[in-house]
Amino acid sequence: MSINCAAVDRLIDSMSFTQKVGQLNQRLLGWKSVERNAAGRLVASDELKQEIDRWGGLGTLYGLLRADPWSGQHWGNGIRPEERTEAIAVVQQTVLERGAHGIGVLLSEEAPHGHQALGGTVLPTNLGLGATFDPQGVQEAEAAVAAELAASGIHIALVSGLDIARDPRWGRCEECFGEDPLMAARMCEAIVTGMQGEHRSKVGHGGVAVVLKHLAAQGEAVGGRNGQSAVLGPHDLHEIHLPPVAAGVRAGALGFMAAYNDIDSVPCCANPWLLKDYLRDQLGFDGIVMADGLAVDRLEDMAGSIPAAGRAALLAGVDVSLWDEGFTRLEEYADDEQVVAAVDTALRRVLELKAMFGLLPEDGADTAAIAMPSADAIAQATADGREQAKRMAREAITLINDGQSAATLDDIRSVIADAQAGPVIVAGPFADDFGCFLGDYTAPLPADEQSSVYRQLVARLGEDRVLLAAKPSDAPADQWARASTVVFVCGSTSERSYDSEFDDNGAAKAVTEYGATCGEGVDLSDIRLPWSQDDMLGEVAALTTAPIVSVAVCGRAHVLTDVLERSAVTIWAGYAGQYGPQAVADVLVDGADMSGRLPVTLPAYPAAIPVRYNDRQSAAHVYKDAAEPILRGFGYGAGSLAAVTFSEMHADTQSHPGEVLVQVTAHADDHGAAGAVNLFAHVSGGRRIPRLAMLVDSVYMDLNAGERRDIAFHVPCDRLRDVGDGQVQVTCTLDGDSTHTVTATLPGEY
């Protein structure tokens, strides 16, 4: 829908200062805005009515459909998929009836990896999606999620993507696409294009507005401590943490969420350079900036009071609050010319966004004519989302160890397929667990949609063939002796229970002994596998001579040194989403290829961190007690591309001004292959200590059996920044073992 600027001007002129401030607030928790009457029907709550009456309308409502332990919403009391239309109608009609200007409310929902609502699609978390190295696949998956949101009457998707996993102690690593800024940038572009369409073409037409989070450098927090200081200079800020922001703006993102952390002492929610000079003036961003939950109120110590915190955030460039009180106190600054002008500026952005969704009254109308959700459209979009979730789960599975002992993955598959062989024992704390695959920010799924690696193998091999041993003592010694294969499912979990304790922003507060070991609020000082899983695997290895396949379900770069040493095969699954167990069984039983690559560096020791592939100095041979601190490097994957051979690699700096063109020929074996081929560069001759390597291009390819194909990498010279006249060595790493190198000299200054 086009924006009628004159109509927006008239609305602004007709509003009182209180009504204007109300349009900037997102204070009310959406699940508290409706309740059930005696007949079980959804009706507007008194809390919703009071909020509308207070402001003469409602700006944005957060999480109407959200369901999880923090909200307390579940299948027994939450809004079911078939009730979404009713819930949306109740809220919008109440806002229109009680509001002063006939303006509908923007509805925002969490969608970090699918819609966090009952019945919503659950994609792999970003760390799992990052392992696909497949931006086009992510775009298609996010388009399906956006279709579900839009069909449900939602306007804004809050989507993680800007954060970079720089320290595995940080519990929110699972929300990152990995440790590399280029891949994160491409994934952010994929999110925006998928959800909003090219040039925002789907906004209001089957798509939603994206608010990318979190701006900025949250992954750089000292010690991996959530929301704390990021101590880094402007060069590293621009090179590591801001490329996804720039990519989001280029793709047309309509929103960004300012993060909790400060950058060199300046809070992101009160950083005019970040939110104005850089985001708007330099990048040309024209959408809304939303504060993270209660982040404005956290400025109280800096500003001196809650009202002053609201003023500081507004003047720094925040347009919309989230749950806080600071923006509600902006009324106290009705005589402050700076605040009055900033409120009008922010209000215009909010109203223009509402206009895109038909939430403003058209000329001559008293109220907006808001289209209500369609149950059929919701069902179709959800079904499409499920198919995308299955595909992305399969792509996320990554082979990081094969043939450590005499048995290879192919050997193990043959044994599993042999019905006369001994039992397959599924062991480990997550052997029969479903929630470990889901990640944080996930709504509960119905029982008939839940599965596990154990249950998937039983379904394919039969109950008589597959045994469950969550603990080594769960299976008798004779079964361990007879076992043909052991599948050890280990890792971590972000699953919260409904009796968990939470901080006021929904982050985990108190974690029980066997509770969440990852996710928001679960920062760890020890990144070894929790619950003594290494010792448990050692017990298993002592009980059997069968080959062990370890499946690592991880939301961070856990230390897997013992796992690799004791396992014939190790599969890294990230948090692969609701179809993660099926994807693992596809690999083990059906022989599915694994195209995934590690999106983070795996450390070999718990204290030799952080270690990243793009550090400037190598950590090798620095620690006298940990000479080789890297277990597996960023981009490692021994799966389907391992059998592809490459030849005839060369670089061209003449044909395409402003870029280096690197070409290589790929040859597939008799089985074909799919996955990403990554190009890394090491740069010398500049004014700074160069990074050990930089990912400068990545091409996802799907080769048929025996196919030969030329691959071209296009590397803009400005990506090789701060070099001047220097020599650029470009190394194409295929699987961590086979390396091709070509050296080129950049022509002239750039």
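Quick caveat, the model's predicted, so the values are computed rather than measured. Values below: all heavy atoms of this structure, side chains included; hydrogens, waters and symmetry mates excluded.
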Look only at the side chain of [X] and the backbone of [Y], and say whether a donor-acceptor pair between them is shorter than 3.5 Å.
| X | Y | answer |
| --- | --- | --- |
| Gln26 | Ser321 | yes |
| Tyr260 | Cys268 | no |
| Arg172 | Gly519 | no |
| Arg394 | Ala592 | no |
| Trp75 | Pro444 | yes |
| Lys20 | Asp344 | no |
| Asp68 | Ser71 | yes |
| Arg455 | Asp433 | no |
| Thr367 | Gly102 | no |
| Asp297 | Gly326 | yes |

On a heavy-atom basis, which atom in [X] and which in [Y] lie closest, and how many Å separate them?
| X | Y | result |
| --- | --- | --- |
| His101 | Pro361 | O-CG, 3.6 Å |
| His113 | Pro124 | CB-O, 3.3 Å |
| Gly161 | Pro244 | O-CB, 4.3 Å |
| Pro112 | Lys213 | CG-NZ, 4.3 Å |
| Leu65 | Glu109 | N-OE2, 2.7 Å |
| Gly675 | Ser595 | CA-CB, 3.9 Å |

Look up atom [atom1] in [X] and atom [atom2] in [Y], then write down how far apart they are to the nearest 0.5 Å.
| X | Y | atom1 | atom2 | answer |
| --- | --- | --- | --- | --- |
| Ile288 | Leu353 | CD1 | CG | 5.5 Å |
| Asn25 | Leu61 | CG | CG | 12.0 Å |
| Gln50 | Leu28 | CD | CG | 10.0 Å |
| Leu118 | Arg80 | CG | CZ | 7.5 Å |
| Leu64 | Lys32 | CG | NZ | 14.0 Å |
| Ser451 | Leu445 | OG | CG | 11.5 Å |

Next item on the list: Quick one: do Glu175 and Ser160 satisfy side chain to side chain donor-acceptor pair (under 3.5 Å)? Show the steps, please.
Entry: CA-CA 6 Å; Glu175 297 182 50; Ser160 302; 2.7 Å; yes
Test item: [X] and [Y] side chains (from C-beta on) under 4.5 Å apart, heavy atoms:
| X | Y | answer |
| --- | --- | --- |
| His74 | Tyr498 | yes |
| Phe177 | Leu127 | no |
| Tyr579 | Arg386 | yes |
| Leu438 | Tyr575 | no |
| Gln456 | Val584 | no |
| Arg84 | Glu148 | yes |
| Thr328 | Val21 | no |
| Leu29 | Trp70 | yes |

Next item on the list: Tell me, with the steps shown, if Gln19 and Gln23 meet side chain to side chain donor-acceptor pair (under 3.5 Å).
Entry: CA-CA 7 Å; Gln19 291 167 350; Gln23 289 293 315; over 6 Å; no
Item checked: side-chain contact (heavy atoms from CB on, under 4.5 Å) evaluation trace for Asp440 with Cys518 -> CA-CA 8 Å; Asp440 202 357; Cys518 202; over 6 Å; no
Next item on the list: Take Gln92 and Leu359, measure what side-chain contact (heavy atoms from CB on, under 4.5 Å) needs, and give me the verdict at the end.
Entry: CA-CA 9 Å; Gln92 292 288 12; Leu359 297 176; 4.0 Å; yes
Notebook entry, point to check: Is there a side-chain contact (heavy atoms from CB on, under 4.5 Å) between Phe430 and Val553 once you walk through the steps?
Noted result: CA-CA 9 Å; Phe430 300 113; Val553 185; 5.5 Å; no
Notebook entry, point to check: Any side chain to side chain donor-acceptor pair (under 3.5 Å) pairs touching residues 54-64, not counting sequence neighbours?
Noted result: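 Qualifying pairs, neighbours excluded: Glu51-Trp55, Tyr62-Arg66, Tyr62-Glu110.
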Margin query: Show every side chain to side chain donor-acceptor pair (under 3.5 Å) that has at least one partner inside residues 188-203, sequence neighbours left out.
Written below: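 Output for this query lists Arg200-Asp286.
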Next item on the list: Identify the residue among Val208, Thr121, Ile156 that makes a side chain to side chain contact (heavy atoms under 4.5 Å, CB included) with Leu149.
Entry: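 Considering Val208, Thr121, Ile156, a side chain to side chain contact (heavy atoms under 4.5 Å, CB included) with Leu149 is found only for Val208.
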Note to self: Determine whether Glu97 and Thr94 satisfy the following criterion, side chain to side chain donor-acceptor pair (under 3.5 Å), listing intermediate values before the conclusion.
What the structure shows: CA-CA 5 Å; Glu97 289 169 2; Thr94 304; 5.2 Å; no
Could [X] and [Y] be called an ion pair, given the rule that one side-chain N must be under 4.0 Å from one carboxylate O?
| X | Y | result |
| --- | --- | --- |
| Asp590 | Arg460 | yes |
| Glu387 | Lys390 | yes |
| Arg348 | Asp319 | no |

Notebook entry, point to check: Will you find, in the side chains of Asp376 and Ser374, an N or O donor that is under 3.5 Å from an N or O acceptor?
Noted result: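 Absent: no donor and acceptor within the cut-off.
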Item checked: Arg36 atom CZ: more than 12 heavy-atom contacts under 6.0 Å ->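 More than 12 within 6.0 Å, yes.
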Note to self: Set out, in order, the CA-CA distance, both residues' side-chain angles and the distance that settles salt bridge (charged side-chain N to carboxylate O under 4.0 Å, His left out) for Arg496 and Glu520, then state yes or no.
What the structure shows: CA-CA 11 Å; Arg496 275 76 165 138; Glu520 186 174 7; over 6 Å; no
Margin query: I'd like to know whether Glu35 forms a side-chain contact (heavy atoms from CB on, under 4.5 Å) with Glu47, so could you lay out the CA-CA distance, the side-chain angles of the two residues, the decisive distance to 0.1 Å, and finally the verdict.
Written below: CA-CA 10 Å; Glu35 58 191 16; Glu47 193 168 347; over 6 Å; no
Margin query: For a side chain to side chain donor-acceptor pair (under 3.5 Å) check, start with the C-alpha distance between Gln380 and Asp384, then their side-chain angles and the critical distance, and finish with the verdict.
Written below: CA-CA 6 Å; Gln380 181 59 58; Asp384 293 343; 3.0 Å; yes
